Amino acid sequence: MSEREHASKRDTAHEGERRPARSSLAAVVKRAAQQFVELTAKQPEGVTGVRKSDTGWSVLLDVVELERVPSTTTVLATYRIEVDEDGELMGYERLRRYVRGAVDPT
């Protein structure tokens, strides 16, 4: 085996030891939402906010809490989920509940 082949094998062997690249914001949010679903069985309707925190990310998710007819009377909730840099869920809390047809006061 040539020296070049040895060097290539050494580089490949150490790849598993390298620190993984930081995840993109979209990947972190997606992973956080998946973990939230696993814990709560509530499917997020959308992400309404993302902010960098001291320990990772703070993500706001809007979730259907109670499906009603007509849909404008469906009850939704906003949850804040805290995740670390890699998207691992560290905690969550419900911030508010509201009816889909309601508008925040200005």
Side-chain angles (χ1 to χ4, degrees):
M1 191 178 284
S2 72
E3 181 57 36
R4 176 180 280 170
E5 290 171 325
H6 281 292
S8 176
K9 284 193 176 230
R10 278 194 310 267
D11 290 345
T12 303
H14 292 287
E15 283 180 5
E17 297 172 14
R18 291 181 186 160
R19 187 163 197 264
R22 285 193 168 180
S23 300
S24 71
L25 180 56
V28 167
V29 170
K30 182 177 180 178
R31 180 168 168 74
Q34 289 170 339
Q35 292 173 78
F36 177 82
V37 171
E38 288 174 15
L39 287 173
T40 65
K42 297 178 186 295
Q43 190 65 42
E45 286 222 333
V47 176
T48 55
V50 179
R51 178 181 59 208
K52 184 83 171 115
S53 70
D54 293 338
T55 57
W57 297 95
S58 178
V59 181
L60 298 178
L61 297 177
D62 284 348
V63 176
V64 172
E65 293 255 307
L66 182 60
E67 194 79 42
R68 290 190 176 158
V69 176
S71 64
T72 55
T73 63
T74 294
V75 177
L76 293 112
T78 300
Y79 283 83
R80 176 181 315 153
I81 58 177
E82 301 291 334
V83 297
D84 66 14
E85 292 285 340
D86 298 319
E88 290 294 322
L89 186 65
M90 297 187 317
Y92 70 91
E93 66 179 315
R94 184 172 62 197
L95 299 178
R96 70 184 191 120
R97 291 179 83 186
Y98 60 97
V99 176
R100 186 184 299 275
V103 178
D104 287 336
T106 56

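This structure is a prediction, so every number in the text was calculated from the model and none was measured.
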Grouping ILVMFWY residues whenever side-chain heavy atoms fall under 4.5 Å, the cluster of L95 otherwise contains L60

Apart from V83 itself, its cluster of hydrophobic side chains linked below 4.5 Å comprises L25, V28, V29, F36, L39, V47, V50, W57, V59, L61, V63, Y79, I81, L89, Y92

In short, side-chain hydrogen bond (donor to acceptor under 3.5 Å, both in side chains) pairs touching residues 37-46 with sequence neighbours left out are E45-R100

Output for pair (D62 CG, L76 CG), nearest 0.5 Å, gives 6.5 Å

Taken to the nearest 0.5 Å, the spacing of R80 CZ from E93 CD works out to 5.0 Å

Determine whether a donor-acceptor pair (N or O, by modelled atom type, separation under 3.5 Å) exists between the side chain of Q35 and the backbone of G87. yes

**Request:** Give a yes or no on whether the backbone of R68 and the side-chain of T74 come within a donor-acceptor separation of less than 3.5 Å.
**Result:** yes

- Message: Please check if the number of heavy atoms outside R96 that lie under 6.0 Å from its CZ is greater than 12.
- Response: yes

